[in-house]
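Below is one structure, written out as structure tokens; the observations come after it.
In this text, all values refer to a predicted model and were calculated from it rather than measured experimentally.
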Amino acid sequence: MTLTRRGFASLVAMAPFLPPASAEEGWAAIEKQAKGQTVHFNAWGGSPQVNDYIAWAGAELRKRHGITLEHVKLTDTAEAVRRVRDEVKAGKDGSADLIWINGQNFHVMKEEQLLHGPFTEDLPNFALVDTDGKPTTLVDFAEGTEGFESPWGMAQLTFFADGARLAAPPMSMMELLDLARDEPGRITYPAPPDFHGTTFVKQALAETMADRAQLPLAIGKAEFIEASKPLFDYLDRLHPHLWRDGKQFPQSQAQVTQMLADGELLMGLTFNPNEAANLVENGTLPKTAISWQNRGGSIGNTHFVAIPINSRSRAAAQVVANFLLSPEAQSRKANLRIWGDPTVLDLDKLTPADRALFADGDAPGAVKAPARAIPEPHGSWAPLIEAAWLERYGA
Amino acid sequence: MSRLGAVPLLLLWALPLLLALAMLLPAALDGAAWRMALAHPQLWPALAISLGAGTVAALIATMLSLVLIAGFYNSRTWHGLQALAAAGLAVPHLAFAIGFGFLVMPSGLLARLLVGGEAPPRWVTVQDPWGIALTLALALKESPFLLCAGFAVLSRGDKAGRIRAETRAAASLGHAPGSAFLRVVLPPLLRELRWPLAIVFVYGATVVDMALVLGPTQPPTLATIIWRALNDEDPATNAMGIAMTLLLTMALTAALGGVALLLRAARRGLRGLLTAGPSPLRSPRVLATALGILALAVLTLAILVLVILSLSPRWPYPAVLPPAASIAAWMNMTLAPLWLSLALSFAVAAAAVALAVLWFETQPPARDRWVIGIALLALALPQLATAGGQYRLFLPLGLTGALFGLFLAHLTPVAAYVLIVLAGPYRAFDRRYVAAARALSAPPLTAWLRVKLPLLKAPLSTAAAIGFAVAVAQYVPAQLIAAGRWSTLPMEAVTLSSGGNRPLTAAFALVLAAPPLFAFLAAALLGRPRWR
Amino acid sequence: MALRLENVSIQLSGRPLIQPLSLDIEPGETVTLMGVSGSGKSTLLSHVAGDLEPPFTAMGQVSLDGVALDGLPPEKRRIGRLFQDDLLFPHLTVAENLLFGMPRGPRPERLAKVAAALAEAGLLGFGDRPPNTLSGGQRARVALMRALVAEPRAMLLDEPFSKLDADLRQTMRSFVFEHIAARRIPCLMVTHDKADAPQSGRVLLLREGRVNHA
């Protein structure tokens, strides 16, 4: 460990030891410290809407808190995880101050003690989060966040299609099988371990397995083989009717969306319930687009922001996280014309004025009847699902 | 001549690369990583697809470019062909893959024009399990590289006149143009092109971006599996990726060695062919014209398709033209990354050419195989591995997030390409010209500047243009080493494309093609012999 | 076999370079065409050989043994050529250079011809050497033998001795003319040096585009 690192660590560590008369004063101290700092926000950069939203947040943060927000655009969040890991190993200051994260990336970082925290309880706006109605704001892929990441938005597996070509959408995995039989070659999903592909398979698992209560628990290989029998029976029946006879699969969710837009496929899938509405908005899909979630519920989760342990601007990073939770920022994010990412806040906890910000009309392509969210299975399921899928259908 | 001339190249290029590779050694020697790699159910079929696509694509690209060179050598279309090759080389691989894909895929332009109907036909034209679409696109995309490398050899100042005189001599001995090309022009040409040919094979077997768009998916190419593994957040999976990388590299080395052995075995037969006597073999002008027009048509259509795609958020089947146009995608362009990319690429390309020339001028030719070996390694290994190693190497030195670190990371692939393109022509230079200049009492530097440099301007400007194009296209090293502190054009383009928004991807692909296009046109103009 | 030029004229970008010229060369005869450099004499040879390139154009008729050559590509004319440079192919050995132009046939027969040609040139045992290991004189002899084993019906010599030193020049001259005479083929040589011409043959002068007998 080098001198500089120890010096800087103790400096930052001082903030909590200042005797705060109250939570407000403590927060005021953090805000004061944050002034003039730069936050390198490492966030996926594949969507102009999201990028524009982050740019807006940056402008607001500069105006209100004197913080410079730099959006470091990533193609894959794992890149930031690897970078922080290498930096910490080398005893270097962090190049990332805030990371858009969830699931496996979060688990790895928390386990390897690469994250600063717990910090979420210190954020004034965290009190507004709907932790009861949206339990995934505290439990990320069946693992407690323990204050190491602050919720940002909600996600839930949602299917979409052109209503002009698919009038009666399949509301369950069984109905999907019937549809695939009727429309051979027009349905598919991305091959796991693509994130969306794995989620599709998890959804099929949740709908086919005998006892869903197993899902939040850790599972071993032997039990998995037993538990996944109905799943693979189902997939064996489904695959022959899929695109390319279920022998080839698209590489990504984006490719599925594109093939849907081109007319080669009948339906697509997404984690953002408002994605189809968004795609109508930017012209990718026609106004006749429809979205739905499976009747019995669909896999849902939350995405978060976390602060790497070696960040030089932890105070400012917390102020950014808090700002991202503000009713103003959350409502703007939920606005279909801007991003359309569902809020993590509990609207009942907001002032009427703040609540009014969320009034959003019915947009073409939006989900009409939201279903309940099925929390992500415990993290031990995904690797087993992916390995078994690869073994069976990979070659 | 000083041996020390090797130092800059070794210090700035070879050392950062080799030390970066050394950072990967622990993972490469990790038994668990190897067990995981060998247990991967897709490993062997994926390796077969990678090697198959690389081999067949290299063969087709070689045949195609040689037929074009043979058909148009010494003809009036020769310079036109050079411009075409330059344009083809400038188009980024990913851009070409998207354009080509949209031509042939079931919902693509050809299907719309030829088949129609309500829903797209159930063609298996892209992402076919055999990798045919990937192979064809690779072959088409790599031919311009071979063509440019070939032009660099044939237009070289000390050689162009000599080769023309030799073909004339062959004609006086009864050889028709095709026979003269085959027996007089081709053998030395192929000798100087051996490293570019090797790199075409290596590139085809290791490409990721094109494979993601056009390649098979179950199993995908091994490079795709490696790319995903190295991208994973789990260190054990990263290590498996390194082990697979080592395996793929060994397979490529073995394949190249096998080809060398095969050629040695076939040497007698090949020499017999050279001396079989005059033959009325015509120059394949008709075939070359046909293939040239076909290649030009595919290239033009692919670019045209890109332009249309960049302007159409929606283009549902079976419409032959998109229902509405929008410039939304083009509004996302920001200029700051463009300037950084241009300045950085220019500096890196110039430095690479200077370092390579310094090496060639001061080192005996026998040592070339070492730097060429390192260059091939630099290009064969996945950049996530090499640049990832470099990241770890640069981190304690304070070079991450620094412009100089960015420069070094770009230099790794750029100098490799420059060395590979330049080695053949530079070493084959007729040294008597310099000797003659020295005999006319020109000091060494004057002789070099006034005689050798002008005579070698075709290969030098081609190498510089290729270096520039390679530099402009770098994504992985830029993203890793910049650590979010700098933003280059491909970083902007690739991150935005990761959302799969086709208009955006197409628009950025076109923007990425522009700087290299100008570089190649400049090179074609600069490299044009004055004495023609 | 006779080489005949009838009213052959050469233009450079449309302007006359060589005025109409008629010439008959009998089998075994060598005609020397003399002119200063730039007079167009090498261009005339290119026309006879069939590889005249723009901006040069030509009119008139060239025939060999009564058959018109005009329009025929160089390789079909069977006219051997010696250039100022020997133009031996560097990627082939001496023997392979000789095989290069030799008509196809059974391999042993062709190899025997190579051996004979090498012996004739005093280069026995040099067959496997690359050309760049030979001396200038040796290379010049290989170049001639290479042209002759291709069994030409006529020969064109373009200042073939200009790059040889004085001693070598004398021996090479007699070597070349003896072999051409022995094969009884017509030969046209261009040079700027009168000493290059064979003693017995005709010598023509090319001056300002017109040809006069010396």
Side-chain angles (χ1 to χ4, degrees), chain B residues 73-76 78 153 158-194 267-283 285 424 427-432 531-532, chain C residues 42 45-46 48-54 72-107 109-111 113-114 127-128 131-132 143 145-158:
Chain B
Y73 181 62
N74 270 345
S75 84
R76 254 175 258 174
W78 183 242
V153 172
D158 62 316
K159 191 128 186 211
R162 169 80 192 193
I163 298 178
R164 283 157 62 84
E166 281 180 5
T167 48
R168 209 167 286 166
S172 80
L173 293 168
H175 286 264
S179 172
F181 182 86
L182 184 70
R183 295 183 165 91
V184 175
V185 183
L186 195 58
L189 176 67
L190 279 182
R191 201 177 160 69
E192 292 186 38
L193 283 184
R194 63 195 189 282
R267 200 186 158 91
R268 258 187 87 97
L270 291 176
R271 289 202 84 88
L273 179 72
L274 289 183
T275 55
S279 103
L281 186 67
R282 284 182 304 170
S283 100
R285 192 152 295 181
R427 287 302 189 197
F429 179 77
D430 189 340
R431 302 168 70 153
R432 289 175 304 174
W531 44 86
R532 235 191 100 89
Chain C
S42 291
L45 283 198
S46 279
V48 175
D51 58 17
L52 196 68
E53 281 182 16
L72 221 53
E75 70 274 10
K76 294 223 173 112
R77 299 190 176 203
R78 296 190 56 195
I79 296 181
R81 268 172 105 177
L82 283 188
F83 304 85
Q84 287 181 20
D85 290 300
D86 54 66
L87 291 180
L88 295 181
F89 302 125
H91 63 292
L92 301 179
T93 62
V94 168
E96 285 171 337
N97 263 286
L98 292 178
L99 282 168
F100 187 88
M102 194 187 288
R104 295 182 171 227
R107 192 160 172 84
E109 221 168 88
R110 298 178 80 223
L111 290 178
K113 281 190 201 167
V114 168
D128 286 335
N132 62 5
M145 295 321 292
R146 182 176 75 171
L148 292 179
V149 295
E151 298 171 13
R153 296 189 301 170
M155 278 298 285
L156 302 174
L157 312 181
D158 188 351

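- Contact annotation for C/Phe100: both backbone and side-chain heavy atoms come within less than 4.5 Å of a heavy atom of chain B.
- Within a 6.0 Å sphere centred on CZ of B/Arg194, heavy atoms belonging to other residues, nucleotides or ligands number more than 12.
- Interface remark: of the candidates C/Met102, C/Arg107, C/Glu75, C/Glu151, C/Glu75 forms the most heavy-atom pairs closer than 4.5 Å to chain B.
- No more than 12 heavy atoms of other residues, nucleotides or ligands lie within 6.0 Å of CG in C/Asp128, so this atom counts as exposed by the packing criterion.
- The shortest side-chain heavy-atom distance between C/Leu82 and C/Met155 falls under the 4.5 Å cut-off.
- Using a 4.5 Å cut-off between heavy atoms, C/Pro103 contacts chain B through its backbone alone, with no side-chain atom that close.
- The minimum heavy-atom distance linking B/Ala176 with B/Leu281 is given by the pair CB-O, 3.1 Å.
- In this structure, the portion of C/Leu88 lying under 4.5 Å from any heavy atom of chain B is its backbone and not its side chain.
- For chain B, the nearby parts of C/Leu92 are the backbone and the side chain; heavy atoms of each come within less than 4.5 Å.
- Interface remark: C/Arg78 contributes no atoms to any contact with chain B (heavy atom separation under 4.5 Å).
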Discussion item. Assess the residue pair C/Glu109 and C/Lys113 against the criterion (salt bridge (Lys or Arg N to Asp or Glu O under 4.0 Å)); give the C-alpha distance rounded to whole Å, side-chain angles, the decisive distance to 0.1 Å, and a yes or no.
Written reply: CA-CA 6 Å; C/Glu109 221 168 88; C/Lys113 281 190 201 167; 5.1 Å; no

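- Judged by the 6.0 Å distance and 45° axis criteria, B/Arg183 is not positioned over the aromatic ring of C/Phe89.
- At a 4.5 Å heavy-atom cutoff, B/Ser179 makes no contact with chain C through either its backbone or its side chain.
- Both the backbone and the side chain of B/Pro177 have a heavy atom closer than 4.5 Å to some heavy atom of chain C.
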